[in-house]
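Quick caveat: nothing in here was measured; it's all calculated off a predicted structure.
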Amino acid sequence: MKKLLSGNEAIARGAYEAGATFASAYPGTPSTEIMETVAKEYPEIYAEWSPNEKVAMEVAMGAAFTGARALVAMKHVGVNVAADPLMTLSYTGICGGLVVVTADDPQLYSSQNEQDNRNYAKFAKIPMLEPSDSQEAKDFVIRAFEISEQFDTPVMLRSVTRVSHARTVVELKDRQPAPMEVKVRKDPPKYVMLPVYGRKRHVVVEERLKKLKEFAETFELNKMEINDPEIGIITSGISYQYAKEVFPNASYLKLGMIWPMPEKMIKDFRSKVKKLYVIEELDPFIEENLKVMGVQVDLGKDVLPICGELTPNIIREKVAGTEETPFLANPENIPPRPPNMCPGCPHRGMFYTIKKLKLYATGDIGCYTLGALPPLTSLDTCVCMGASIGHAMGMSKALGDEGRGKFVAVIGDSTFMHSGMTGLADVAYNKSYATVIIADNRITAMTGAQDHPATGYTIRGEATHAVDFEELGKALGFKHIVKANPYDLKTYEKVLKEEVERDEPSLIINQGPCALLRRALPKAKKPFYVDVDKCIGCKRCIGLGCPAITWNAEEGTNADGKKRKGYAVIEPTLCNGCALCYQLCNMDAIQTEDKVFYGLVENFGN
Amino acid sequence: MEKTTSVLMAGVGGQGIILASDILSEVMLDAGFDVKKSEIHGMAQRGGSVSSHIRFGKEVYSPTIPRGDADFLICFEKLELMRWLDYCNADTRVIVNDLELNPPMVNLGEAEYPRALFDETIKKFKNLTLVPASKTALDLGNIRAANVVMIGIFSNFFDVDESLWLDKILGKLPKKLHDLNRKAFSEGRKLA
């Protein structure tokens with residue numbers, strides 16, 4: 001049967017058809033839907049959201065060591081977190097097949113960098129396959145499991161946003177059982193990486209790489225298409241599709257396995273074409289390796305960009321030399337629609353308060369990173385998962401007493417479970433005065449509402465233990481822990497002011513579920529509205545940057561004759577009654593027909 | 001069909017563009033074409049600009065449409081048209097929903113909705129239709145059905161049986177919305 005699947009759905013389908021029984025991941029764009037699909041569509045496969053990518057990798061290793069086929073998925077920067085187990089997993093090898101999916105994000109559509117994870121395959125000395133559409137994504141996963149078992153190695157599969165989030169045609173097949181018996185297998189010299197065993201395993205790794213190089217020479221996914229011999233293009237993954245779009249008649253060597261590379265095949269291809277072009281996105285990975293082989297490259301990164309996503313237009317312009325003059329150019333001054341925190345978002349009150357208190361906020365990865373954008377503009381750092389706490393800790397030591405009362409760390413609940421606990425231990429252990437806010441909205445929100453160890457639910461919605469941040473904070477050495485409602489502006493300001501002034505570590509745990517989290521919001525509040533007769537157009541409410549509040553620039557006076565340059569309007573279909581604007585209005589112009597309480601759920605978390 | 005057909009849909013988050021583009025792609029798959037569709041998820045949340053590239057033909061390579069190559073540009077909101085002009089050529093068929101949704105800067109009073117620029121821009125296309133999809137949906141009792149009205153409109157441009165469109169649309173919606181969307185589709189079909 002033929003079906004349109006996204007690359008991510010196809011990867012999940014590949015694991016299913018290959019007989020995998022184990023899958024783990026931490027959500028991250030553009031990889032998230034791989035595990036969501038496994039959890040939703042394939043009950044035959046155990047599925048979990050792990051607390052972070054390192055744990056996801058380790059649990060998948062444990063499963064593979066028993067002979068089970070296991071898949072672990074993450075975004076490109078997630079591999080940095082999982083790099084520690086990955087580098088030594090290369091030494092131990094696997095038992096049952098283990099496929100590590102990395103979904104890279106060229107153009108940084110939703111990431112903090114655009115690192116090229118092809119480099120990891122070379123670094124870890126393991127094979128990497130690179131599909132160029134959903135059919136290949138599914139087929140390559142199945143092949144990756146086979147190669148993994150044949151060579152006793154983890155195999156990486158690299159996707160990019162345009163593979164993961166593109167839907168293309170896939171032929172579905174039935175599930176086949178995995179070949180290996182699942183049992184406990186004792187073999188310390190292979191799985192215990194003491195130096196004495198590790199040294200021997202390194203030799204095995206190098207021998208394996210040689211065998212894989214041989215294998216690559218005849219591997220059916222490294223495909224030569226000899227058409228017009230004038231131009232030969234070596235490429236892989238999505239870049240192949242872009243190149244075909246521009247040069248449908250050129251000759252191609254498409255590397256389905258990007259590492260290790262088939263040297264003889266490459267040299268053979270070189271001899272069959274007049275000019276050799278290397279068309280690849282991001283780093284000159286293929287090109288540099290060709291140069292090491294002594295293969296002459298006529299065109300590559302000398303004209304193609306290293307930064308950003310490749311497009312057919314870039315190839316047309318830089319490689320084909322076609323002059324591109326658009327029929328119409330886009331006007332420059334079209335007002336943008338940047339991503340924004342949702343109406344009723346619990347983070348908005350927190351950032352409003354941070355801004356009001358003129359605090360420097362070390363930040364982290366999640367929806368709340370948007371607090372850096374106007375009009376709130378109140379987040380000052382964002383580097384990687386968990387870094388907010390380390391930044392605040394380091395600042396406290398560098399600034400000494402001077403810094404007290406001047407900064408705060410902001411980290412989300414899922415990010416805290418991912419990488420915040422060790423930082424928090426450091427704050428208490430090394431006697432910092434840093435204040436940490438866990439902006440707990442009870443979900444991994446930015447990636448589209450995934451559960452984590454503090455939500456109380458598994459990936460398949462079963463109830464489970466929920467980590468208690470207050471108890472955890474106590475256990476890590478925090479004496480000052482306050483639960484605070486970020487929708488209650490006066491109280492929240494008082495709490496934040498008090499905590500940042502302390503000379504001991506303190507922890508604030510926000511009490512407000514994500515405004516999109518249906519299970520926490522059983523009953524919708526009625527929207528607020530603006531009494532146009534009272535509004536004086538002071539724009540205090542506008543300063544919240546709430547998408548539901550708009551400005552009507554109609555000069556005039558209010559009912560009391562006060563001059564105004566316009567008035568605020570609340571869009572009833574967007575407002576969900578969080579009451580932030582209500583608290584800011586000095587004119588009683590913002591009203592509701594509902595019971596007034598601060599937040600979306602009354603007494604949440606109390 | 002040898003040549004790949006490229007359809008670009010653009011609008012604002014929450015307008016049902018992803019659903020509309022899913023339906024178009026699945027209809028074309030059933031009609032026997034190779035199909036690719038691409039869009040960006042993640043940070044583009046509610047209220048952000050949303051676009052979807054749909055391409056179909058004998059064999060499709062790039063999942064994204066090269067700039068200048070869009071055969072159709074389907075805009076669910078007026079201002080969004082002006083972000084995608086570079087994807088068009090002189091022959092691009094443009095369908096624009098007659099709806100204005102203010103971006104944040106306009107809401108904050110820091111910019112004006114570029115109405116004059118829009119009026120000027122649409123004169124440059126020889127195949128442009130301004131359609132009241134949102135108004136039609138509102139008249140039917142639910143503005144959220146505007147995307148299905150849009151599907152009804154653009155379905156006229158493809159040689160595919162009407163029932164195939166309707167099957168795909170209803171297959172993706174809960175039963176209680178079937179009546180509304182059946183009407184939305186047929187009203188849309190009448191509009192083009």
Side-chain angles (χ1 to χ4, degrees), chain A residues 2-4 29-30 32-33 105 109-111 133 161-163 165-169 238 240-246 248 311-313 316 324 326-331 333-343 367 370 375 446-448 516 539 542 545 547 549-553 565-566 574, chain B residues 4 12-13 21-22 25-26 29 33-50 53 59-69 79-80 82-92 101-114 117 121 124-125 143:
Chain A
K2 275 187 179 176
K3 225 180 148 182
L4 276 173
T29 313
T32 311
E33 299 83 1
D105 190 16
Y109 287 106
S110 196
S111 302
D133 61 23
T161 301
R162 297 295 184 181
V163 171
H165 286 170
R167 294 182 80 202
T168 74
V169 184
I238 193 67
Y240 168 78
Q241 304 289 358
Y242 298 147
K244 279 292 261 193
E245 186 75 32
V246 181
T311 65
N313 296 90
R316 268 188 205 163
E324 298 250 303
F327 159 65
L328 289 173
N330 291 334
N333 48 353
I334 300 302
R337 296 186 199 270
N340 189 0
M341 285 176 271
C342 304
C367 288
L370 296 171
M446 180 59 103
T447 42
L516 301 179
K539 288 194 173 180
I542 298 272
I549 310 176
T550 69
W551 176 248
N552 192 333
K565 293 204 160 160
L574 291 177
Chain B
T4 294
V12 178
S21 64
D22 276 343
S25 337
E26 288 175 24
L29 176 69
F33 295 111
D34 183 26
V35 182
K36 287 188 178 176
K37 172 182 119 106
S38 179
E39 66 238 350
I40 294 297
H41 307 201
M43 252 195 167
Q45 289 182 306
R46 282 208 302 186
S49 290
V50 172
H53 299 228
E59 188 177 4
V60 182
Y61 298 119
S62 171
T64 52
I65 302 167
R67 282 194 309 278
D69 286 7
L79 178 152
E80 292 303 311
M82 287 172 294
R83 292 191 214 282
W84 301 99
L85 298 176
D86 56 346
Y87 279 77
C88 299
N89 53 61
D91 299 318
T92 304
L101 295 173
N102 284 346
M105 278 172 77
V106 177
N107 273 346
L108 301 175
E110 290 165 9
E112 273 185 40
Y113 193 94
L117 193 58
T121 303
K124 293 178 182 161
F125 289 96
I143 187 139

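- For Asp86(B), the parts lying near chain A are the backbone and the side chain together; criterion is any non-hydrogen pair under 4.5 Å.
- A 4.5 Å side-chain heavy-atom check between Gln241(A) and Lys36(B) finds at least one atom pair inside the cut-off.
- The two residues Pro336(A) and Arg83(B) make their nearest non-hydrogen contact at CA-NH1, 3.7 Å.
- Ala329(A) touches chain B through its backbone: at least one of N, CA, C or O sits under 4.5 Å from a heavy atom, while the side chain does not.
- A distance of 12.0 Å separates CZ of Arg337(A) from CE of Met105(B), quoted to the nearest 0.5 Å.
- With a threshold of 4.5 angstrom between heavy atoms, Ile549(A) approaches chain B through N, CA, C or O but not through any side-chain atom.
- Minimum heavy-atom separation, Asn107(B) to Pro547(A): ND2-O, 4.0 Å.
- Interface remark: Leu29(B) contributes side-chain atoms only to the contact with chain A (heavy atom separation under 4.5 Å).
- Residue Glu110(B) does not touch chain A at all, counting heavy-atom pairs closer than 4.5 Å.
- Taking the side chain as every heavy atom from C-beta outward, Leu85(B) and Pro331(A) approach each other to under 4.5 Å.
- Using a 4.5 Å heavy-atom threshold, the side chains of Glu245(A) and Thr4(B) count as separate.
- Residue with the most contacts toward chain B among Lys565(A), Arg316(A), Lys2(A): Arg316(A) (heavy-atom pairs, distance under 4.5 Å).
- By the salt bridge (Lys or Arg N to Asp or Glu O under 4.0 Å) test, Asp34(B) is found to be paired with no residue, residues two or more places apart in sequence or in another chain being considered.
- Of the atoms belonging to Pro114(B), it is side-chain heavy atoms, and not backbone ones, that fall under 4.5 Å from chain A.
- Asp133(A) has its side chain out of reach of Pro63(B): every pair of non-hydrogen atoms, C-beta onward, lies at least 4.5 Å apart.
- Residues satisfying the side-chain hydrogen bond (donor to acceptor under 3.5 Å, both in side chains) criterion with Thr64(B), sequence neighbours excluded, are Ser62(B).
- Heavy atoms of Asp22(B) lying under 4.5 Å from chain A belong to its backbone as well as its side chain.
- Leu117(B) is listed as a side-chain neighbour of Ile334(A), based on a closest heavy-atom distance under 4.5 Å.
- Taking CG of Asn333(A) as the start and CD of Glu112(B) as the end, the distance is 11.0 Å to the nearest 0.5 Å.
- With a 4.5 Å cut-off on side-chain heavy atoms, Phe327(A) and Asp91(B) do not count as touching.
- For the options Thr311(A), Asn313(A), Thr168(A), heavy-atom pairs under 4.5 Å to chain B are most numerous at Asn313(A).
- With a 4.5 angstrom heavy-atom cutoff, Ala90(B) touches chain A via backbone and side-chain atoms both.
- Contact of the Leu4(A) side chain with the Val35(B) side chain is registered, since non-hydrogen atoms from C-beta on lie closer than 4.5 Å.
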